Asks: 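The structure that follows is given in the form of structure tokens.
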Amino acid sequence: MIPIAKPFIGVEEKNAVAKVLDSGIIAQGPKVRELEEKFANLCGSKHAIAVNSGTAALHSSLNAAGIQTGDEVITTPFTFISTANTILMQNATPIFADIESDTFNIDVGKIKEKVTSKTKAIITVDLYGNLCNYDEINNIAKENGIVVIEDSCQSVNAEFNGKKAGTFGNIGTFSFYATKNITCGEGGMFVTDNNEYAENARLFRQHGRSKMTDYDYIRLGYNYRMTDIQAAILLEQLKKLDEITKKRIDNAKYLSENLEGTDGIEVPNVKENSRHVFHQYTIKVNNFKISREKFQEELGKKGISTAIYYPRPLHLCQHFKKLGYKEGDFPVAEEISKQVLSLPVHPSVTKEDMDLIIKSIKEVT
Ligand SMILES: *Cc1c(COP(=O)(O)O)cnc(C)c1O
């Protein structure tokens with residue numbers, strides 16, 4: 001079976017973990033600090049604060065931005081639930097805005113319609129590894145005094161005009177979950193140029209504890225710390241990041257070259273000056289020979305695993321329907337959720353694998 005995701009882990013990561021285990025410092029320590037330094041350099045941001053998940057990074061961002069009860073935070077309904085759940089964690093209200101049908105990212109025009117006097121932040125999601133339209137988003141944010149939090153959980157190393165994902169808004173967040181482009185099993189990162197936000201995130205991950213040496217707690221916090229075991233894995237993953245990114249991009253290019261023009265299928269859209277890092281290679285299946293579900297089943301029979309991200313926009317999950325959302329509220333997200341299909345694109349997918357995928361798609365009936 002060609003899996004839809006596979007961690008790109010080798011002997012380097014195993015050796016790095018063994019070293020940390022032997023060192024005796026296995027919770028947050030020098031490896032986490034080293035990782036933070038390297039990650040900040042990678043992004044070109046002043047601060048990087050490692051945490052134990054992408055969700056923790058998003059929650060820390062909202063807290064740093066001062067989001068609290070009664071505030072509204074605009075985001076996309078076409079994302080992983082974490083994006084919107086972290087808004088609820090701060091007792092604020094998620095306000096969804098519909099997406100663009102070609103990039104699957106939040107529609108800037110729709111953001112404008114949702115801004116009220118209660119809007120305090122926007123969480124943009126760089127879905128599948130593809131950056132949002134930040135020139136316009138940042139303009140709206142500036143005009144309205146809104147903080148922009150970039151959910152780059154799927155987009156490490158993506159770029160627009162040479163600028164890295166995570167640095168377009170006020171705070172950027174990353175995930176190192178097992179399926180993400182680089183991973184340590186579970187992990188996350190918070191990046192910012194803002195000293196106060198950074199300090200807030202450092203306190204938030206450690207129960208609001210002001211210094212390592214004295215037990216003074218100055219505000220509410222959580223245990224969001226990353227371990228040195230995870231950081232050691234990520235330090236090795238970072239060395240491979242350019243190779244991983246290139247393989248994903250090359251794989252996507254090969255798939256697109258061979259699938260473009262197939263009736264009933266649309267290949268992913270890449271904007272000029274933009275580096276899409278293909279966390280997912282997602283096609284749109286619309287008026288294809290067979291239904292998407294049957295298509296998925298047929299590919300499965302040929303040994304190709306595929307996935308649907310996401311079969312249900314968040315506003316149609318029971319959890320968010322309680323906020324008053326209903327079918328028809330975000331027609332583009334609803335339509336797209338019925339069309340998307342992600343194909344294997346990760347670095348371990350070989351040319352032979354892709355040839356099988358292409359052949360199977362062309363021959364499926
Ligand atoms: C993975 C992901 C998250 C959450 O990351 P975790 O590390 O699983 O907590 C948030 N947003 C998006 C878009 C993601 O893909």
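Counting starts at 1 for both ligands and their atoms, in listed order. Fair warning: this is a prediction, and the values are worked out from it, not measured in the lab. We count residues from 1, following the sequence as given.
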Asks: Other residues, nucleotides and ligands only: do more than 12 of their heavy atoms fall within 6.0 Å of NZ on Lys302?
Replies: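 Check fails, neighbour count at 12 or below.
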Asks: Taking 4.0 angstrom as the limit, do Glu36 and Arg33 come out as a salt bridge?
Replies: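 So Glu36 does not pair with Arg33 through a salt bridge.
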Asks: Given Phe96, which of Leu323, Leu314, Asp329, Thr79 fulfils the side chain to side chain contact (heavy atoms under 4.5 Å, CB included) condition?
Replies: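 One option only clears the test, and that one is Leu314.
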Asks: Can you name the residues that come within less than 4.0 Å of ligand 1, going by heavy atoms only?
Replies: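 Answer by chain and number: Ser53, Gly54, Thr55, Leu58, Thr79, Phe80, Ser82, Thr83, Val125, Asp151, Cys153, Gln154, Ser175, Lys180, Gly187.
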Asks: What do you reckon, are the aromatic ring centroids of His47 and Tyr197 less than 6.0 Å apart?
Replies: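 No, they do not, as the ring centres are separated by 6.0 Å or more.
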Asks: Could you tell me which non-hydrogen atom of Gln237 sits nearest to which non-hydrogen atom of Phe8, and how far apart they are?
Replies: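 Heavy atoms of Gln237 and Phe8 come nearest at NE2-O, 2.8 Å.
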Asks: When the ring centroid of Tyr134 is compared with that of Phe160, is the distance short of 6.0 Å?
Replies: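 No, they do not, as the ring centres are separated by 6.0 Å or more.
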